[in-house]
Amino acid sequence: MGRSGKIAVFLQARIASTRLPQKTLLQLGSMSIVSNAMRRLKKINANFHVLLTDNESFEALKKEAMQCNFDIMEGPGDDVLKRFTLAIEKYQPHTFIRATADNPLVFYKEAALILERHIEANADHSIFTGMPLGAGVEIVKAEKLLEAESLTKNSYDREHVTPYLYKNSAKYLLNHLKAPDSAWYPEGRITLDTLADYDYLKKIFTESNADNASSSNITKESAELIKWLKQNPHPAAKPADIKI
């Protein structure tokens, strides 16, 4: 894969949560939710792997980041867009992968693949569509996010980081591709937002530790996890109405 400039993985996380307090520090298998996400994202070849958090969460997450060999930096709590642009200014990547800590089963192989497709297309924003909610990442050209931050005052844009880019499709090159068949299951849900999500994720990890070869691949191979999700649908699963 030919690369243009440095690549960063930026994982956003903080401990504040109204529906499920301190959810990023909840245990899942042998480690916390956020550490599960970092361990998987560390498999992506990048120049920087950085946990982006806020002042309130910094001390609680610092040890987690160090154990996973992630840098950590703090920024605004609610203005997450600003948090990302501060990280861009510090690390100076050409391209970054945006991931969130409430997705402990992020599909890192597909993340590497959409990164490759993004670079090939010289795109501004890239995603795979149709994967389970919580499986995907976004690939973003850093200079375009800096531009977006300077142009939008909209609170939704600033909380969710990238909406300004994909709401202005005439201005930015969007590379939104159908996910590979092995990762396609838009009805699936493997994100963490509620207690029901947590119970479901724990069930997945319990199954993956079962004493047989097929079970051991559930959290390692996306195709095996998709197969398991179809056989054991989330009680709240429904066709995804968002793209990431």
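Since the model is a prediction, treat every value here as computed from it, not as a measurement. Numbering starts at 1 and runs along the sequence shown.
Proximity of His176 to His125: side-chain heavy atoms (C-beta onward) are separated by under 4.5 Å at one or more points. Taking 4.5 Å as the limit, every side-chain heavy atom of Met131 sits out of range of all side-chain heavy atoms of Ile226. Using a 4.5 Å heavy-atom cutoff, the side chains of Thr219 and Glu207 are not in contact. Taking the side chain as every heavy atom from C-beta outward, Phe10 and Tyr91 approach each other to under 4.5 Å. Under the 4.5 Å side-chain criterion, counting only non-hydrogen atoms from C-beta, Val140 is not in contact with Phe84. Residues Ile88 and Glu143 fail the side-chain proximity criterion, which asks for heavy atoms closer than 4.5 Å. For the pair Leu225 and Ile190, the minimum side-chain heavy-atom distance is below 4.5 Å. For the pair Ser208 and Trp228, the minimum side-chain heavy-atom distance is 4.5 Å or more.
Relative to the six-membered ring of Tyr198, Lys202 meets both conditions, a distance below 6.0 Å and an angle of at most 45° to the axis.
Shown here for Gly5 and His94, the closest heavy-atom pair between the two residues is CA-CB, 3.7 Å. Contact between Thr85 and Leu146 at its shortest, heavy atoms only, is CB-CD2, 3.7 Å. When every heavy atom of Ala179 is checked against every heavy atom of Phe128, the shortest pair comes out as CA-CD2, 3.8 Å. Heavy atoms only, all atoms of each residue included: Ala183 and Pro132 are closest at O-CD, 3.6 Å. The minimum heavy-atom distance between Thr53 and Ala13, with the atom names listed, is OG1-O, 2.8 Å. Of all the heavy atoms in Ala101 and Leu11, the pair that sits closest is N-CD1, 3.5 Å.
Phe205 and Met31 are not part of a single hydrophobic cluster, where members link through side-chain heavy atoms under 4.5 Å apart. Leu173 and Tyr164 fall into different hydrophobic clusters, where Ile, Leu, Val, Met, Phe, Trp and Tyr residues are linked whenever their side-chain heavy atoms come under 4.5 Å apart, directly or through other members. Follow the hydrophobic side-chain contacts under 4.5 Å out from Ile127 and you never reach Trp184; the two are in separate clusters.
Judged purely by atom type and a 3.5 angstrom limit, Thr191 has no side-chain atom pairing as donor or acceptor with the backbone of Asn103. Here the side chain of Asp54 pairs a donor or acceptor atom with the backbone of Ser57 at under 3.5 angstrom. The backbone N or O of Ile7 sits less than 3.5 Å from a side-chain atom of Asn47, completing a donor-acceptor pair. No donor-acceptor pair under 3.5 Å is formed between the side chain of Lys82 and the backbone N or O of Pro76. The backbone N or O of Gln92 lies less than 3.5 Å from no partner atom in the side chain of Glu89, so there is not a single donor-acceptor pair. With Glu159 contributing its side chain and Tyr156 its backbone, the two residues share no donor-acceptor pair below 3.5 Å.
Here Ile119 contributes atom CD1 and Asn175 contributes atom CG; the two are 11.0 Å apart, rounded to the nearest 0.5 Å. For the atom pair CG of Asp71 and CE of Met66, the computed distance is 10.5 Å after rounding to the nearest 0.5 Å. Between atom CG of residue Leu177 and atom NE2 of residue His118 there is a gap of 11.5 Å, rounded to the nearest 0.5 Å. Remark: Met38 CE to Phe70 CZ distance equals 6.5 Å, nearest 0.5 Å. If you take OG1 on Thr162 and CZ on Arg98, they are separated by 5.0 Å, rounding to the nearest 0.5 Å. One finds the CD1 atom of Ile139 at 13.0 Å from the NZ atom of Lys141 (value rounded to the nearest 0.5 Å).
Salt-bridge formation is not detected for the pair Lys230/Glu187: no Lys NZ or Arg NE/NH1/NH2 atom is positioned less than 4.0 Å from an Asp or Glu carboxylate oxygen. A salt bridge does not link Glu74 to Arg83: none of the charged side-chain nitrogens sits closer than 4.0 Å to a carboxylate oxygen. Under 4.0 Å is where a charged nitrogen must lie from a carboxylate oxygen, and between Lys167 and Asp157 at least one such pair does. A salt bridge is defined here as a Lys NZ or Arg NE, NH1 or NH2 lying under 4.0 Å from an Asp or Glu carboxylate O, and Asp78 with Arg158 fails to meet this definition.
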* Asked: Would Glu64 and Ser32 count as a side chain to side chain contact (heavy atoms under 4.5 Å, CB included) if you check the C-alpha gap in whole Å, the side-chain angles of each, and the deciding distance to 0.1 Å?
  -> CA-CA 8 Å; Glu64 303 279 334; Ser32 67; 2.7 Å; yes

* Does the side chain to side chain contact (heavy atoms under 4.5 Å, CB included) test come out yes or no for Phe48 and Phe96, once each step is laid out? -> CA-CA 9 Å; Phe48 312 105; Phe96 69 89; over 6 Å; no

* Asked: side chain to side chain contact (heavy atoms under 4.5 Å, CB included) between Tyr200 and Arg189: does it pass, once the steps are laid out?
  -> CA-CA 9 Å; Tyr200 188 68; Arg189 180 181 176 90; 5.7 Å; no

* To do: Determine, stepwise, if the pair Ser222 / Lys109 fulfils side chain to side chain contact (heavy atoms under 4.5 Å, CB included).
  => CA-CA 8 Å; Ser222 53; Lys109 292 181 180 179; 5.9 Å; no

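The local environment of NZ in Lys42 is crowded, with over 12 non-hydrogen atoms from other residues, nucleotides or ligands closer than 6.0 Å. Within 6.0 Å of atom NZ in Lys178, more than 12 heavy atoms from other residues, nucleotides or ligands are found, so the atom counts as buried in its surroundings.
Side chain to side chain, Ser35 and Gln67 fail the donor-acceptor criterion of an N or O pair below 3.5 Å. Checking Thr100 against Asp102 by side-chain atom types alone, a donor-acceptor pair falls below 3.5 Å.
Residue Leu51 is tested with Val9, Leu41, Thr24, Leu61 for a side chain to side chain contact (heavy atoms under 4.5 Å, CB included); the sole match is Leu61.
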